Student: 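Got a structure for you, questions after.
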Amino acid sequence: MGKASGFLEYNRKDNSSIAPLLRTANFKEFHNLLPEEERKTQAARCMNCGVPMCQSALKLGGMVTGCPLHNLIPEWNDALYKGQYDMAAWRLLKTSSFPEFTGRVCPALCEKACNCGNGGDIKEAVTIHDNELFIIEHAFASGYMKPRLPKVRSDKKIAVIGSGPAGLALADLLNRRGHNVTVYEREDRAGGLLMYGIPNMKLEKNIIERRIKLMEEEGVKFIYGADVGKTVEANDILSSYDAIALCCGAKKARPLSAAGSDAEGVFFAVDFLKSVTKSLLNSDLKDGKFFDPKDKDVIVVGGGDTGNDCTGTSIRLGCKSVTQLEMMPCPPKERLANNPWPQWPKVLKTDYGAEESIEKFGHDPRVYQTTIKEIHKKNGKVCGVKTVQVEFQNIDGKRQLVEIPGSEKELPADLILIAAGFLGCEDYTAKAFGTSLSQRNTVESFGTVNPDLASPMGYKTSVDKVFTAGDMHRGQSLVVWAIAEGRECARQIDEYLMGYSNL
């Protein structure tokens, strides 16, 4: 460990944020890295626990705690504290494919399992998330991150369908192993939801492009505008490659069942966010090719991360008001007795979008236990909504959502953004390859049960030489879980091709 008494001597200090009203003037990232010496001090707080729960990814009480990548967190914290930056980057990259992504958008499962946060105060955990980001950004700035081509190439060819975090992680590892990897992406840029699902202020797109450029220099080939199952034949890929990995994500959005949901002005959140980011990258929003919330009353259906992103994006684009509807009750401010450390804390969190709404409009945009009952239309366009309060009740032994009588309200609305989750993958690619789908509309895998894997059944599908990983396989999840699946799937493909693997 860096300093035996560090966790006693130093308080936690997070990266600072630009004030809400200032940062909403643009789409730039708004967190500032701590100076070098202060970051080393934060690394000194790591205790190098005998059992580092931060890197364990154990399943406790039905919940997974710790890092799915099993990052060697005490090791690189120690190296960071000592100023051994290349060593820190080397240890970090042993297990983490893209720390520059997770260091920005991961909710830091590791920190919630940190021993310094034991006792319920998660604000005392080591700043693992920020330390990770400092290490990788220093590695890029110092020249440590440079193309590393495999010394020997195999004659094996792998096609990766989809360039989200799972597909990129899988392609990166198999290329390093020496195989010949081609990534097929239906969009005009790589990254999947990293590129078009996460707003620029959370993850600036030059960060993704920097990594793609590095992967290309290392030998990975990217083909854009290739929609496998539509514009590209699956049979052509099956006949041309030794193994195929389906990593197309879980972008089948959950629709709104309210009456009037066919009105003009009702959009899925992923389509809204994609339109804004694409316009931002192509023209700095000058082409107007996005769903514009300017001077509009915006209703966001969904209280998760995507809903929060819609709130922050709408504010930056000049909305008149924004209201975020959430069916679930408001979480408690502190851990409950049935949610002990080191489980993920199910407590109230005020993310950046809500912070910005509070500053701009004077109130929290979130309204709990509420959903849209009816969408009002005028000349086919959204002109308002009727909301109703709801609660979950056990009826005949089943948990059901019921309306609370007399709780209806009328709200103004010109734009409705549906961020109510996803219903699995857009299945045309899976069907084109003939893979079987689960009841959750994810691609099924078959294999020997291994509880140490992110997916215990492995990643081999029902079709020979076809594998799957990421959200397309496990359902809607976190970037860090997609990367973990991509890495594990890469090892299984390597074993399939070579008979063994040293990944």
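As a basis for the values below, the full set of heavy atoms in this structure was taken, side chains included, without hydrogen atoms, waters or symmetry mates. Everything numeric here is computed off the predicted structure, so don't read it as measured data.
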Student: Measure the shortest side-chain to side-chain distance between M328 and F392 over non-hydrogen atoms and say whether it is less than 4.5 angstrom.
Tutor: yes

Student: Does any part of the side chain of L325, heavy atoms only, come nearer than 4.5 Å to the side chain of V385, both counted from C-beta?
Tutor: no

Student: Assess the residue pair L423 and N441 against the criterion (side-chain contact (heavy atoms from CB on, under 4.5 Å)); give the C-alpha distance rounded to whole Å, side-chain angles, the decisive distance to 0.1 Å, and a yes or no.
Tutor: CA-CA 7 Å; L423 297 174; N441 204 45; 5.7 Å; no

Student: Carefully, step by step, assess L109 and C67 under the rule side-chain contact (heavy atoms from CB on, under 4.5 Å).
Tutor: CA-CA 6 Å; L109 288 79; C67 179; 6.0 Å; no

Student: Pairs in or reaching into residues 419-433: which pass salt bridge (Lys or Arg N to Asp or Glu O under 4.0 Å), with residues at least two apart or in two chains?
Tutor: R186-E426, D427-K431

Student: About how many Å separate OG of S321 and NE2 of H363, when rounded to the nearest 0.5 Å?
Tutor: 7.0 Å

Student: Mind listing the closest non-hydrogen atom pair of E111 and H129 along with its distance?
Tutor: OE2-N, 2.9 Å

Student: Please tell me if the side chains of I207 and E29 come closer than 4.5 Å, counting only heavy atoms from C-beta onward.
Tutor: yes

Student: Please round to the nearest 0.5 Å and tell me the distance separating atom CZ of R189 and atom CG of L281.
Tutor: 4.5 Å

Student: If you look at every heavy atom in S96 and R487, which pair is closest and at what distance?
Tutor: C-NH1, 4.0 Å

Student: Check whether more than 12 heavy atoms from other residues, nucleotides or ligands sit under 6.0 Å from atom CD of E38, and answer yes or no.
Tutor: yes

Student: Taking ring pair (Phe, Tyr, Trp, His ring centres under 6.0 Å) as the cut-off, I'd like each qualifying pair that reaches into residues 258-279, sequence neighbours left out, listed once.
Tutor: F267-F291

Student: Can you list the residues that meet the salt bridge (Lys or Arg N to Asp or Glu O under 4.0 Å) rule with D14, with sequence neighbours excluded?
Tutor: R12

Student: Sequence neighbours excluded, which residues qualify as salt bridge (Lys or Arg N to Asp or Glu O under 4.0 Å) partners of E355?
Tutor: R23

Student: Do you know which two heavy atoms are closest between P165 and I483, and how far apart they sit?
Tutor: CB-CG1, 3.9 Å

Student: Here's a test for you: under side chain to side chain contact (heavy atoms under 4.5 Å, CB included), which of I135, N131, I136 qualifies with P99?
Tutor: I136

Student: Are side-chain heavy atoms of T387 and I299 found at a separation under 4.5 Å?
Tutor: no

Student: Rounded to the nearest 0.5 Å, what separates atom CD1 in I73 from atom CD in E132?
Tutor: 8.0 Å

Student: Of the non-hydrogen atoms in F27 and N200, which two are nearest, and what is the gap between them?
Tutor: O-ND2, 2.9 Å

Student: Using the rule given for salt bridge (charged side-chain N to carboxylate O under 4.0 Å, His left out), can you reason through D292 versus K294, listing the C-alpha separation, both sets of side-chain angles and the distance that settles it, and then say yes or no?
Tutor: CA-CA 6 Å; D292 194 354; K294 184 174 177 58; over 6 Å; no

Student: Applying side-chain contact (heavy atoms from CB on, under 4.5 Å) to L417 and L273, what does each step give before you reach the verdict?
Tutor: CA-CA 10 Å; L417 304 174; L273 295 172; over 6 Å; no

Student: Is the backbone N or O of L194 less than 3.5 Å from a side-chain atom of K205, with the two atoms forming a donor-acceptor pair by type?
Tutor: yes

Student: Would you verify whether the NZ or CZ of K278 falls within 45 degrees of the ring axis of Y196 while also being under 6.0 Å from that six-membered ring's centre?
Tutor: yes

Student: Which class fits the ring pair Y224 and F222: parallel under 30°, tilted 30 to 60°, perpendicular over 60°?
Tutor: parallel

Student: Does E185 reach the main-chain N or O of S163 with its side chain, forming a donor-acceptor pair under 3.5 Å?
Tutor: yes

Student: Is it true that the NZ or CZ of K230 lies under 6.0 Å from the centre of Y428's six-membered ring and within 45 degrees of the ring axis?
Tutor: yes

Student: Taking salt bridge (Lys or Arg N to Asp or Glu O under 4.0 Å) as the cut-off, I'd like each qualifying pair that reaches into residues 254-266, sequence neighbours left out, listed once.
Tutor: D262-K377

Student: Going by atom types alone, do E326 and Q324 pair a side-chain donor with an acceptor below 3.5 Å?
Tutor: no

Student: Given side-chain contact (heavy atoms from CB on, under 4.5 Å), test C110 with N71 step by step and report yes or no.
Tutor: CA-CA 9 Å; C110 51; N71 280 338; over 6 Å; no

Student: Using every non-hydrogen atom in the two residues, find where I375 and V266 come nearest and quote the distance to one decimal.
Tutor: CD1-CG2, 4.1 Å

Student: Can any side-chain N or O of W344 pair as donor or acceptor with the backbone N or O of N339 at less than 3.5 Å?
Tutor: no

Student: Does the pair R366/D364 count as a salt bridge with the N-to-O cut at 4.0 Å?
Tutor: yes

Student: To the nearest 0.5 Å, what is the distance between OG on S16 and CG on L33?
Tutor: 9.0 Å

Student: Between E204 and R210, does at least one N-O distance fall below 4.0 Å, as a salt bridge requires?
Tutor: no

Student: Using side-chain heavy atoms (C-beta onward) and a distance below 4.5 Å, is P199 in contact with V276?
Tutor: no

Student: Please indicate whether N379 has more than 12 foreign heavy atoms, meaning atoms of other residues, nucleotides or ligands, lying under 6.0 Å from its CG.
Tutor: no

Student: Taking the six-membered ring of F98 (Phe, Tyr or Trp), confirm whether the NZ or CZ of R211 is under 6.0 Å from its centre and within 45° of its axis.
Tutor: no

Student: Both conditions, 6.0 Å and 45 degrees, for the charged tip of R45 above the ring of Y10: are they met here?
Tutor: no

Student: For E488 and S455, run side-chain hydrogen bond (donor to acceptor under 3.5 Å, both in side chains): C-alpha distance rounded to whole Å, both residues' side-chain angles, the deciding distance at 0.1 Å, then the answer.
Tutor: CA-CA 9 Å; E488 290 174 357; S455 290; 5.9 Å; no

Student: Short question: side chain of D414, backbone of D297 - any donor-acceptor pair under 3.5 Å?
Tutor: yes

Student: Once you round to the nearest 0.5 Å, how far does CD of Q369 lie from CG of L401?
Tutor: 9.5 Å

Student: Measure the CG-NZ distance between D305 and K202 for me, rounded to the nearest 0.5 Å.
Tutor: 5.0 Å

Student: Work out which heavy atom in D295 is nearest to a heavy atom in K320; give both atom names and the distance.
Tutor: C-CB, 3.6 Å

Student: What verdict does the side-chain hydrogen bond (donor to acceptor under 3.5 Å, both in side chains) test give for R316 and N26, after you've listed the backbone C-alpha separation in whole Å, the side-chain angles of each residue and the deciding distance to 0.1 Å?
Tutor: CA-CA 7 Å; R316 280 163 177 76; N26 55 60; 5.8 Å; no

Student: Looking at Q439, I want to see if its CD is surrounded by more than 12 non-hydrogen atoms of other residues, nucleotides or ligands under 6.0 Å.
Tutor: no

Student: Quick check on side chain to side chain donor-acceptor pair (under 3.5 Å): which of D309, T311, T24 does Y352 satisfy it with?
Tutor: D309

Student: Please collect all ring pair (Phe, Tyr, Trp, His ring centres under 6.0 Å) contacts where either partner lies in residues 293-323, sequence neighbours excluded, each pair once.
Tutor: none

Student: Run R39 and T127 through side-chain hydrogen bond (donor to acceptor under 3.5 Å, both in side chains) and show every step you take.
Tutor: CA-CA 9 Å; R39 180 52 59 206; T127 55; 3.0 Å; yes

